[in-house]
Amino acid sequence: MSDSDMKSMPALFVGHGNPMLTLSDNPFTRAWRALGETLPRPRAILAISAHWYLPGIRVTAMAQPRTIHDFGGFPKELFQVEYPAPGNPELAREIVAALAPWPVSLDQRWGLDHGTWSVLRHLFPSAQIPVLQLSLDRTLSPENHYRLGERLAALREAGLLILGSGNVVHNLAGYAWHDPSASPPAWAVAFEDWVRDQLLNDAAGLTGYRALGETAALAAPSPDHYLPLLYLAALRKPGEALEFPVDGFEGGTMSMLSAVIGR
């Protein structure tokens, strides 16, 4: 199929939550599976995960990315999970070209971290669709991450499903590890409500989240889990449908909000 024959693909932001959701059957994972069943089959998936956060912009360029178990203190069963999706080195070079003049390196060392595979294992359980990851450059401002997202728009027209994976609210210091159903504090609800409103009415305004002061400092004490949202925000076309297929909180201080455009 040529690029001209392809329909513009949806784009997603998924709140990935606790890695144990990989093995769970609960309302969040069932919602991910239901979402995956409604998505068209993409040529490939480009994931932007909170867990590849380092200086510089990189894209995975290996033929067979490894499954990275980038966590500790979880049951052995979780470390045995594999997501054997192929990569696509040729497509990695296309992504480098699409992001020009931003300097992007082809990476042969990373793979798929749990921000990517813990979600894809539910969305696309067969692991047959090629998956690449794009790093989050920690030296860039939120405004520049948004601009990078804008540069990815053409890839949707070429059959790529773009997946941002993080959490709108991600405060592990306050997370109720022994009570996943704990109620969220008022500041967490307020921040998530603000994000919803911005996505619907002023997506570019999401780059100014730090202006919310203490609320933002509590909701996003580090930017890594928030920044993937900016890529989805930047990709939305004027008037394009925006849905929130998954919501709720886990452990009180982790928002599971997901958003999809163009479905």
Side-chain angles (χ1 to χ4, degrees), residues 10-42 45 47-51 69 71 73-75 77-81 83 112-127 129 131 161-200 218-220 225-226 228-229 232-233 241-263:
L12 314 176
F13 171 82
V14 176
H16 65 246
N18 188 324
M20 286 301 294
L21 289 175
T22 306
L23 304 174
S24 300
D25 177 20
N26 64 23
F28 299 128
T29 61
R30 290 193 289 272
W32 290 345
R33 286 184 176 266
L35 173 60
E37 291 169 359
T38 71
L39 296 171
R41 182 181 176 89
I45 298 165
I48 304 158
S49 165
H51 294 278
H69 301 91
F71 42 67
F74 290 97
E77 185 181 6
L78 189 58
F79 290 87
Q80 295 173 336
V81 172
Y83 190 78
L112 306 180
D113 61 54
H114 83 269
T116 294
W117 58 257
S118 68
V119 174
L120 290 182
R121 197 164 184 263
H122 295 284
L123 289 175
F124 297 105
S126 69
I129 299 168
V131 182
L161 180 85
I162 299 173
L163 167 68
S165 178
N167 293 97
V168 167
V169 176
H170 185 266
N171 185 316
L172 292 182
Y175 187 82
W177 290 98
H178 301 295
D179 185 9
S181 63
S183 297
W187 56 262
V189 175
F191 190 78
E192 188 191 81
D193 285 347
W194 176 82
V195 165
R196 287 176 185 261
D197 183 70
Q198 293 296 120
L199 277 172
L200 289 165
L218 288 168
H225 279 72
Y226 180 83
L229 174 71
L232 175 83
L242 168 67
E243 307 165 69
F244 300 103
V246 186
D247 64 5
F249 281 80
E250 187 187 48
T253 60
M254 193 174 291
S255 167
M256 299 299 295
L257 185 71
S258 296
V260 55
I261 56 175
R263 181 164 59 149

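The two residues P185 and G252 make their nearest non-hydrogen contact at CD-O, 3.3 Å. The minimum heavy-atom distance linking Y226 with V195 is given by the pair CE1-CG2, 4.3 Å. Closest non-hydrogen pair, P245 versus A31, comes out as O-CB, 4.3 Å.
Contact of the W187 side chain with the T253 side chain is registered, since non-hydrogen atoms from C-beta on lie closer than 4.5 Å. Taking 4.5 Å as the limit, some side-chain heavy atom of P10 sits within range of a side-chain heavy atom of L161. Residues F74 and P19 meet the side-chain proximity criterion, which asks for heavy atoms closer than 4.5 Å. Side-chain contact between D113 and F71 is absent, with no heavy-atom pair separated by less than 4.5 Å. Between W117 and H122 there is no side-chain heavy-atom pair separated by less than 4.5 Å. Inter-residue side-chain proximity for W32 and F124 is flagged as unmet; no heavy-atom pair is nearer than 4.5 Å.
Ion pairing between a basic and an acidic side chain is recognised when a charged N comes within 4.0 Å of a carboxylate O; R196 and E192 show such pairing.
Using modelled atom types, no side-chain atom of N171 and backbone atom of A219 make a donor-acceptor pair closer than 3.5 Å. No side-chain donor-acceptor contact under 3.5 Å links E250 to the backbone of S181. Looking at S255, its side chain never comes within 3.5 Å of a backbone N or O of F249 through a donor-acceptor pair. Remark: side-chain polar atoms of T29 are not paired, donor with acceptor, to backbone N or O of L21 under 3.5 angstrom.
Rounded to the nearest 0.5 angstrom, N167 CG and L257 CG are separated by 10.0 Å. Taking CG of L120 as the start and OG of S49 as the end, the distance is 10.0 Å to the nearest 0.5 Å. Once rounded to the nearest 0.5 Å, the distance linking CH2 of W177 with CG of N18 reads 5.5 Å. Atom CZ of residue F244 and atom OG of residue S258 lie 10.0 Å apart, to the nearest 0.5 angstrom. To the nearest 0.5 angstrom, F28 atom CZ is 16.0 Å from R33 atom CZ.
Between L12 and the options L123, I261, I45, a side chain to side chain contact (heavy atoms under 4.5 Å, CB included) holds for only L123. Just one residue in the list I162, I129, V131 forms a side chain to side chain contact (heavy atoms under 4.5 Å, CB included) with P42, and that residue is I129.
Aromatic ring pairs are classed by plane angle as parallel below 30°, tilted from 30° to 60° and perpendicular above 60°; the pair H225 and H170 is parallel.
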Kindly indicate, with the supporting measurements, whether the criterion side-chain contact (heavy atoms from CB on, under 4.5 Å) is fulfilled by L199 and F13.
-> CA-CA 11 Å; L199 277 172; F13 171 82; over 6 Å; no
Begin with the C-alpha distance, continue with both residues' side-chain angles, and end with the deciding distance and a verdict on side-chain contact (heavy atoms from CB on, under 4.5 Å) for H51 and T116.
-> CA-CA 9 Å; H51 294 278; T116 294; over 6 Å; no
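For L23, the side chain to side chain contact (heavy atoms under 4.5 Å, CB included) test picks out M20, E77, L78, V81, R121, with sequence neighbours left out. Remark: D25 engages R30 in a salt bridge (charged side-chain N to carboxylate O under 4.0 Å, His left out) (not counting sequence neighbours).
Aromatic ring centres of H69 and H114: separated by at least 6.0 Å.
H16 and S118 share no donor-acceptor pair across their side chains, judged by distance under 3.5 Å alone.
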